[in-house]
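Accompanying notes for the structure given below.
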Amino acid sequence: MTIPRLTDAERDQALHDLPGWTLSDDGLAIEIDLEFGDFNEAFGFMTRVAIHADKADHHPEWFNVYNKVRLRLTTHDAGGLSMRDVEMAQFIDGIV
């Protein structure tokens with residue numbers, strides 16, 4: 001099954017609806033930097049995202065140092081952004 005890539009208009013609307021998320025420099029992903037109270041809080045957040053991502057079969061690219069987490073969402077099978085990324089960002093926004 002092919003996963004469709006978002007059109008520019010769909011991408012722009014998604015970014016409008018996802019405050020705090022930005023388009024990556026290469027235009028193929030959305031990114032956000034988050035800061036938590038401490039490492040345990042950051043790791044707990046990452047665990048919740050990992051469980052959801054595994055069920056959704058869509059996994060973020062991320063980087064963590066102590067209480068900071070940087071996320072990058074892209075759909076490799078689509079060659080860029082897809083609704084999977086938007087849905088994952090919405091889930092993340094809902095638990096932050």
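Heads up: numbering here begins at 1 and tracks the sequence.
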Looking at every heavy atom in both [X] and [Y], which two are closest together, and how far apart are they?
| X | Y | answer |
| --- | --- | --- |
| S82 | T75 | OG-OG1, 2.6 Å |
| W62 | M46 | CH2-O, 3.2 Å |
| V49 | I92 | CG2-CG1, 3.9 Å |
| R11 | L81 | CG-CD1, 3.5 Å |

How far does [atom1] of [X] sit from [atom2] of [Y], to the nearest 0.5 angstrom?
| X | Y | atom1 | atom2 | answer |
| --- | --- | --- | --- | --- |
| D17 | Q90 | CG | CD | 8.0 Å |
| E31 | D85 | CD | CG | 11.5 Å |
| D77 | R84 | CG | CZ | 7.0 Å |
| N40 | Y66 | CG | OH | 8.5 Å |
| F63 | R72 | CZ | CZ | 14.5 Å |
| H58 | F91 | NE2 | CZ | 12.5 Å |

Going hydrophobic residue to hydrophobic residue with side-chain gaps under 4.5 angstrom, can you get from [X] over to [Y]?
| X | Y | value |
| --- | --- | --- |
| M83 | I30 | yes |
| L28 | W21 | no |
| M88 | I51 | no |

Look at atom CG of D38 and say whether more than 12 heavy atoms of other residues, nucleotides or ligands are closer to it than 6.0 Å.
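Yes, CG of D38 has more than 12 neighbouring heavy atoms, counting only those of other groups under 6.0 Å.
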More than 12 heavy atoms of other groups within 6.0 Å of R48 CZ:
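Counting neighbours around CZ of R48, more than 12 heavy atoms of other residues, nucleotides or ligands fall under 6.0 Å, so yes.
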Test side-chain hydrogen bond (donor to acceptor under 3.5 Å, both in side chains) applied to H52 and E87, step by step:
CA-CA 11 Å; H52 177 79; E87 291 164 0; over 6 Å; no
With a 4.5 Å limit on heavy-atom distance, are the side chains of L18 and I32 in contact?
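No, side chains not in contact.
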Out of the candidates V96, N64, N67, only one should pair with L34 under the side-chain contact (heavy atoms from CB on, under 4.5 Å) rule; please name it.
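In the set V96, N64, N67, the residue that makes a side-chain contact (heavy atoms from CB on, under 4.5 Å) with L34 is V96.
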